Amino acid sequence: MARVRISDVAAAAGVSTSTVSLVLNDRPGSRISEETRARVRKAAAAVGYTPNSIARGLRTQRTRTLGLISDVIATTPFAGRMLAGAQDAAREHGHLVFLVNTEADPAVEREAIRALVDQQVDAMIYACMWHQVVETPDDLPSRSVFLDCRPADGGHPAVVPDELAGGRAAVRELVAAGHRRIAYVDVDEPHPPVASGLRRQGYLEVLAEAGITPDPAWHVGGATSAAGGRAATERLLDLPADRRPTAIFCFNDRMAAGAYVAARHRGLEIPADLSVVGYDDQQLVAGELDPPLTTIALPHYEMGRWATEVALGAREPPASDQTYLMPCPIIRRDSVSSPPAAAPTPAGDEPDTTP
């Protein structure tokens, strides 16, 4: 089929080809009436005209494309919402996303960045599956934004979850329900992720503001899986009755699922005997547990949109620090209630009842 040309649009609208070009390219300063503009656009739609993106790119020095380099986001079910947010924002601003998944291979990453630069993408997003601090790749263009990671040199805008505030929100939910013995089931790895320390810091800050002295035995670690969460929770439930937690804050939802299993093997009901809060709001995990899990949501979709809007110049980056902390909302479900009436208060930690 022959390609519809700008001359076909001009003939259908009864105007010159230069008028069609001015209208379809939204050239500023041209004295063309709105009636003529509407007639040209209607004619273009009627004859099925689509602009030649290569030719337009040569004229405008923009290709209406956005490169997105990721480590393993495209092959994991938990962070796909980042891609959805990026694609939705790009589409709204007339851009197409070129996605390359590198599987965290430095050689593949270098090749992908060079290929996207050769394609003259208008901007680039460098994304990671986990919140982390990364070295800026040598060939990364200046017009780039970091998604779910922060450049060590601070040279580019970045967006990451506000892990500290999320940790605070999780523990405040448990304190507000009346709990005083609150454990943190953490990740146990030789090089723990950035999120681990920030979430634990939020946990400790809220205990301090509530006047609760944490028992060192309340901080336990395990693998970031249901099995790891179960093993860690078993250690907590082995504590003496006057030290045993009545509530647990878990590093992620899969570990919280393991806490459910450990509790039920001890004949405990959630939340009547043990309250649990997770983190991530993972699809097919948090909402599917019985009872559904109260958790802190990672704002994957919102971060994807933010990064794309900043990369395309549709949103201003932060003025001072180049990293924007995206709020992590609490998702309240049915895994938190007041502590069991028979639960003893730890010695020396009785709540102040002075009138």
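All values derive from a computational prediction rather than experimental measurement. As a basis for the values below, the full set of heavy atoms in this structure was taken, side chains included, without hydrogen atoms, waters or symmetry mates.
Under 3.5 Å, the side chains of T36 and S33 contain a donor-acceptor pair of N or O atoms. Of the N and O atoms on the side chains of D253 and T295, at least one donor lies less than 3.5 Å from an acceptor on the other residue. There is a side-chain donor-acceptor pair under 3.5 Å between S196 and D186. S275 and H179 form a side-chain donor-acceptor contact under 3.5 Å, judged by distance and modelled atom types alone. E103 and N101 are linked by a side-chain donor-acceptor pair at a separation below 3.5 angstrom, with hydrogens and angles left out of the test.
Considering only residues two or more places apart in sequence or on other chains, H131 meets the ring-ring contact (aromatic ring centres under 6.0 Å, His included) condition with none of them. Remark: T294 pairs with no residue by the side-chain hydrogen bond (donor to acceptor under 3.5 Å, both in side chains) rule, at least two apart or across chains.
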>> Apply salt bridge (charged side-chain N to carboxylate O under 4.0 Å, His left out) to residues D238 and R266 and explain how you reach the verdict.
In response: CA-CA 10 Å; D238 284 338; R266 300 293 182 101; 2.6 Å; yes
>> Working note: D290 + R333, criterion salt bridge (charged side-chain N to carboxylate O under 4.0 Å, His left out); need CA distance, chi angles, decisive distance, verdict.
In response: CA-CA 10 Å; D290 182 21; R333 295 191 177 99; over 6 Å; no
>> Walk me through whether E209 and R168 qualify under salt bridge (charged side-chain N to carboxylate O under 4.0 Å, His left out).
In response: CA-CA 10 Å; E209 74 182 27; R168 291 175 183 144; over 6 Å; no
>> What verdict does the side-chain contact (heavy atoms from CB on, under 4.5 Å) test give for L164 and E205, after you've listed the backbone C-alpha separation in whole Å, the side-chain angles of each residue and the deciding distance to 0.1 Å?
In response: CA-CA 10 Å; L164 177 60; E205 286 181 2; 4.2 Å; yes
>> W218 vs I212, test: side-chain contact (heavy atoms from CB on, under 4.5 Å). Steps then yes/no.
In response: CA-CA 12 Å; W218 295 346; I212 300 172; 4.2 Å; yes
> What's the verdict on side-chain contact (heavy atoms from CB on, under 4.5 Å) for E163 and Q201, showing C-alpha distance, side-chain angles and the deciding distance?
Replying inline: CA-CA 9 Å; E163 310 277 12; Q201 182 182 341; over 6 Å; no
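Closest approach of V336 to A177, counting heavy atoms only: CG1-CB, 3.9 Å. Across I331 and A297, no two heavy atoms sit closer than the pair CG1-CB, 3.9 Å. When all heavy atoms are compared, the tightest approach of G154 to Q322 is O-CG, 3.9 Å. Residues A123 and L66 approach most closely at O-CD1, 3.3 Å, considering heavy atoms. The two residues P291 and S335 make their nearest non-hydrogen contact at CG-CA, 4.4 Å. Across all their heavy atoms, S18 and S16 have their closest contact at OG-OG, 3.0 Å.
The list of ring-ring contact (aromatic ring centres under 6.0 Å, His included) pairs with a residue in residues 233-285, not counting sequence neighbours, reads Y184-F249.
When the options L147, D71, I69 are evaluated for a side-chain contact (heavy atoms from CB on, under 4.5 Å) with C128, the one that passes is D71.
Separating the NE2 atom in H300 from the CG atom in D281 is a distance of 10.5 Å, to the nearest 0.5 Å. To the nearest 0.5 Å, atoms CE (M129) and CG (D148) are separated by 8.0 Å. A distance of 7.0 Å separates CZ in R64 from CG in D122, rounded to the nearest 0.5 Å. Residue I182 holds its CD1 atom at 13.0 Å from CG of D215, rounded to the nearest 0.5 Å.
Q132 places a side-chain N or O within 3.5 Å of a backbone atom of W130 that can act as its donor or acceptor partner. A donor-acceptor pair is defined here as one N or O able to donate and one able to accept, closer than 3.5 Å; no such pair exists between the side chain of T19 and the backbone of V15.
Transitive grouping of hydrophobic side chains (ILVMFWY, heavy atoms separated by less than 4.5 Å) brings I32 and V9 into a common cluster. Put simply, Y301 and W306 are part of two different groups of oily side chains (I, L, V, M, F, W, Y) that touch within less than 4.5 Å, one to the next. In the hydrophobic cluster analysis, where Ile, Leu, Val, Met, Phe, Trp and Tyr join through side-chain heavy atoms closer than 4.5 angstrom, L274 is grouped together with V175. Hydrophobic cluster membership differs between V117 and L68, with clusters built from Ile, Leu, Val, Met, Phe, Trp and Tyr side chains linked at under 4.5 angstrom. The hydrophobic clustering, which links ILVMFWY residues whose side-chain heavy atoms are closer than 4.5 Å, places V206 and I296 together.
A salt bridge between E109 and R114 is absent, with no side-chain N of the basic residue lying under 4.0 Å from a carboxylate O of the acidic one. Electrostatic pairing of R91 and D88 counts as a salt bridge here, judged by a charged N lying under 4.0 Å from a carboxylate O.
When the shell of 6.0 Å around CD of E189 is examined, it contains more than 12 heavy atoms from other residues, nucleotides or ligands.
Within the 4.5 Å cutoff, the side chain of E269 has no heavy atoms near those of the R264 side chain.
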